[in-house]
Number of protein chains: 2
Amino acid sequence: MDLQDAETGERRPETLGEEIFGRILDLIYSTELAPGMVVNESVLATRFGVSRGPVREAIRRLQGIQLVSREPFLRARVVSLSAQAILELFQMREALEGYACRLAAQRMSEAEIDALIADLEAAHSGRQPEGARFDFHERVVRASGNNRIIDSLCGDLYHLLRIYRRISGAVPERKELAFTEHWQILRAIKMRDGALAESLMRSHVERAGRHVLAQVPETPSIAAADAEKRAS
Amino acid sequence: MDLQDAETGERRPETLGEEIFGRILDLIYSTELAPGMVVNESVLATRFGVSRGPVREAIRRLQGIQLVSREPFLRARVVSLSAQAILELFQMREALEGYACRLAAQRMSEAEIDALIADLEAAHSGRQPEGARFDFHERVVRASGNNRIIDSLCGDLYHLLRIYRRISGAVPERKELAFTEHWQILRAIKMRDGALAESLMRSHVERAGRHVLAQVPETPSIAAADAEKRAS
DNA sequence: GGTTGAAAATGTGTCAACAGTTTTGAGGTG
DNA sequence: CACCTCAAAACTGTTGACACATTTTCAACC
């Protein structure tokens with residue numbers, strides 16, 4: 001079934017709506033569609049050389065994962081998270097990733113744990129296998145084995161996170177602290193102490209959230225205003 | 001935002017797609033669209049007297065909240081939860097409602113707590129204010145103040161839960177036990193013991209999950225086959 | 001008799017045009 | 001000059017027709 005995913009160069013997104021969804025997502029990631037900006041169906045349709053139908057579907061899907069806000073006949077806008085919304089986002093991550101961490105401590109095999117530790121240390125010492133970036137949180141979440149939690153964290157929430165992640169990812173000292181915390185979490189998992197692993201993961205996520213909040217003091221209205229000017 | 005939910009009698013679903021979404025949801029709740037059955041766009045369109053467009057949007061939205069499964073050109077089907085999926089669903093509830101409970105213990109005012117206790121006991125003693133059914137879990141979740149968690153639990157997950165809820169809701173002894181557990185949770189909240197409240201809520205949800213699982217041993221394939229026959 | 005393969009049937013994906021609503025902005029009025 | 005009114009513009013919601021993919025049917029063939 002999955003035999004065309006290897007080296008075809010050009011992928012074949014099964015349906016047009018799927019492809020448009022991805023391309024709009026890229027526009028949002030590249031800040032060409034910044035938070036607060038209007039997402040116009042017909043403009044994007046002509047831009048991508050397709051009808052409004054697929055664009056409409058893509059926007060509805062983005063609306064479903066809360067990346068754009070919309071009301072019945074009003075224009076859709078890229079969601080711009082308030083400080084409150086960012087706090088709530090990270091709280092939800094605390095709840096879900098903490099629990100996933102607890103499950104991982106129960107379910108992972110010794111071999112899996114050791115492999116994860118090895119990958120973590122490899123990524124930290126600089127030499128990560130090129131092409132596959134190491135994502136500690138995703139690895140732990142997937143190890144939980146709960147597909148519903150996996151989909152929620154690696155799907156919907158991940159997109160939102162990614163917009164605000166570059167902020168906290170670049171600071172070197174933060175990176176060093178994150179490695180230490182990741183290592184401690186893995187140690188708790190290896191000791192099969194689910195409660196401790198969950199607690200550590202919660203603290204870790206909460207710290208990351210505070211860091212993001214500190215870097216994004218209050219730019220929701222500014223971004224929206226700026227977006228408005230560019231839209232005209 | 002939730003101001004038309006009270007006593008208007010007839011709601012005014014702003015757009016056709018919204019209304020169709022609700023009507024398909026009702027069809028699923030009434031088991032006219034049972035788990036495993038095919039959701040046909042054109043059939044529903046003619047049935048509701050609208051074009052395929054709004055129906056298509058509604059189905060995509062149902063797909064977004066995981067009530068129907070679908071692949072590019074294949075037919076959409078009402079999702080039929082396996083035992084594994086039910087387990088995962090309740091685990092996610094454990095994580096989210098537990099955390100919400102902890103937040104509620106921090107944020108609720110004394111007056112809010114007392115009011116909730118009063119409503120719980122009123123509902124238990126039979127005389128609940130007619131028209132507004134008492135939902136303990138929803139009340140606690142909303143008291144958490146985290147809108148993202150609220151939307152997730154009272155929106156997406158709630159619809160899935162509701163399909164399997166009638167099973168566990170009807171048993172009298174279960175109802176009595178649930179009241180006791182609810183009461184204990186509220187007591188922990190009143191003592192401002194967030195950790196205890198979270199722990200109690202997790203146990204409570206887990207117990208409910210086991211109860212549902214026991215009542216639904218293995219009917220996924222049966223339901224799907226039955227659905228197939230009715231579809232022809 | 002069972003299997004393979006083509007063609008009809010069914011259903012989803014896409015499109016362009018139409019209808020209804022919101023926004024814009026020009027003109028008039030106090 | 002500010003405010004209100006109202007029509008044109010812009011945009012979203014909806015529709016029916018057409019294109020493509022899948023599934024099913026059924027007949028020819030091994």
Side-chain angles (χ1 to χ4, degrees), chain A residues 1-5 10-24 27 33 36-64 67-79 224-225 227-232, chain B residues 1 4 11-24 27 33 36-64 67-79 224-225 227-232:
Chain A
M1 292 300 183
D2 45 347
L3 40 87
Q4 74 230 8
D5 204 24
E10 295 301 312
R11 288 194 278 317
R12 178 169 62 89
E14 299 294 358
T15 179
L16 253 182
E18 297 278 331
E19 178 181 346
I20 302 299
F21 173 79
R23 293 176 72 168
I24 297 181
L27 257 49
L33 277 178
M37 282 184 69
V38 173
V39 184
N40 189 318
E41 288 182 6
S42 25
V43 168
L44 289 175
T46 56
R47 165 164 186 168
F48 293 139
V50 300
S51 168
R52 268 181 51 215
V55 176
R56 189 181 176 80
E57 272 195 25
I59 293 179
R60 283 319 196 301
R61 206 169 135 191
L62 289 168
Q63 183 192 155
L67 252 87
V68 309
S69 64
R70 199 191 58 89
E71 288 176 87
F73 272 90
L74 278 47
R75 298 194 282 278
R77 286 172 179 276
V78 180
V79 72
E228 214 53 37
K229 298 181 71 171
R230 289 184 58 183
S232 64
Chain B
M1 293 308 176
Q4 74 221 13
R11 289 196 273 318
R12 176 170 61 90
E14 300 291 0
T15 179
L16 252 182
E18 297 277 333
E19 178 181 346
I20 302 299
F21 173 79
R23 293 177 70 168
I24 297 181
L27 256 50
L33 278 178
M37 283 185 69
V38 173
V39 183
N40 188 316
E41 289 182 4
S42 27
V43 168
L44 289 175
T46 56
R47 163 163 186 169
F48 293 138
V50 298
S51 169
R52 266 182 51 213
V55 176
R56 189 181 175 81
E57 274 195 24
I59 292 179
R60 284 320 197 300
R61 207 170 135 192
L62 289 168
Q63 181 191 159
L67 252 91
V68 310
S69 64
R70 197 190 58 90
E71 287 176 86
F73 272 89
L74 277 47
R75 297 193 283 278
R77 286 173 178 277
V78 180
V79 72
E228 212 55 33
K229 298 181 69 171
R230 290 182 58 184
S232 62

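Chain letters run A, B, ... following the sequence lines, proteins first, then strands; residues in each count from 1.
A distance of 4.5 Å separates CD of Glu18(A) from CZ of Arg61(A), quoted to the nearest 0.5 Å. Separation of atoms CE (Met37(B)) and CZ (Arg75(B)) is listed at 12.0 Å; rounding is to 0.5 Å. Atom CZ of Phe48(B) sits about 5.0 Å away from atom CZ of Arg23(B), to the nearest 0.5 Å.
Judged by closest nucleotide on DNA chain C, Ser51(A) is the one of Ser51(A) and Phe73(A) placed further toward the 5' end.
Atom CZ of Arg70(B) and atom P of dT22(D) are 13 Å apart (whole Å). Glu18(B) has its CD atom 16 Å from the P atom of dT12(D), to the nearest Å. Put simply, CD on Glu41(B) is 14 Å from C1' on dA21(D), counting in whole angstrom units. The distance between atom CG of Leu74(B) and atom C1' of dT24(D), rounded to the nearest whole Å, is 14 Å. Residue Asn40(A) contributes atom CG, which lies 9 Å from atom C1' of dA10(D) at whole-angstrom precision. In this structure, CZ of Arg77(A) is placed 13 Å from P of dC11(D), rounded to the nearest angstrom.
Within residues 54-63 of chain A, the residues that place at least one heavy atom under 4.0 Å from DNA chain C are, in residue-number order, Pro54(A).
In this model, the phosphate group of dT12(D) is not approached by any side-chain N or O of Thr15(B) to a distance below 4.0 Å at OP1 or OP2.
Nucleic acid contact class of Val43(B) (heavy atoms, under 4.0 Å, all strands): none. At the heavy-atom level, Gly53(B) lies under 4.0 Å from base atoms of the strands shown.
Counting heavy atoms from C-beta outward, Glu57(A) and Arg56(B) have side chains that approach closer than 4.5 Å. In this structure, Leu27(A) and Arg47(A) have side chains that are in contact, with non-hydrogen atoms separated by less than 4.5 Å. With contacts defined as side-chain heavy-atom distances shorter than 4.5 Å, the pair Val78(B)/Leu67(B) does not qualify.
Residue Arg75(B) has its side chain nearest to dT24(D) when only dG13(D), dC11(D), dT24(D) are considered.
Here the side chain of Arg77(A) pairs a donor or acceptor atom with the backbone of Gly36(A) at under 3.5 angstrom.
For the side-chain contact (heavy atoms from CB on, under 4.5 Å) criterion with Leu44(B), the lone passing option out of Val50(B), Ile24(B), Ile20(B) is Ile24(B).
Think of the region where chain A sits on DNA chain C: with heavy atoms and a 4.0 Å cut, that region ends 5' and 3' at dG13(C) to dT23(C).
Closest approach of Ser51(A) and Pro54(A) over heavy atoms only: O-CD, 3.5 Å.
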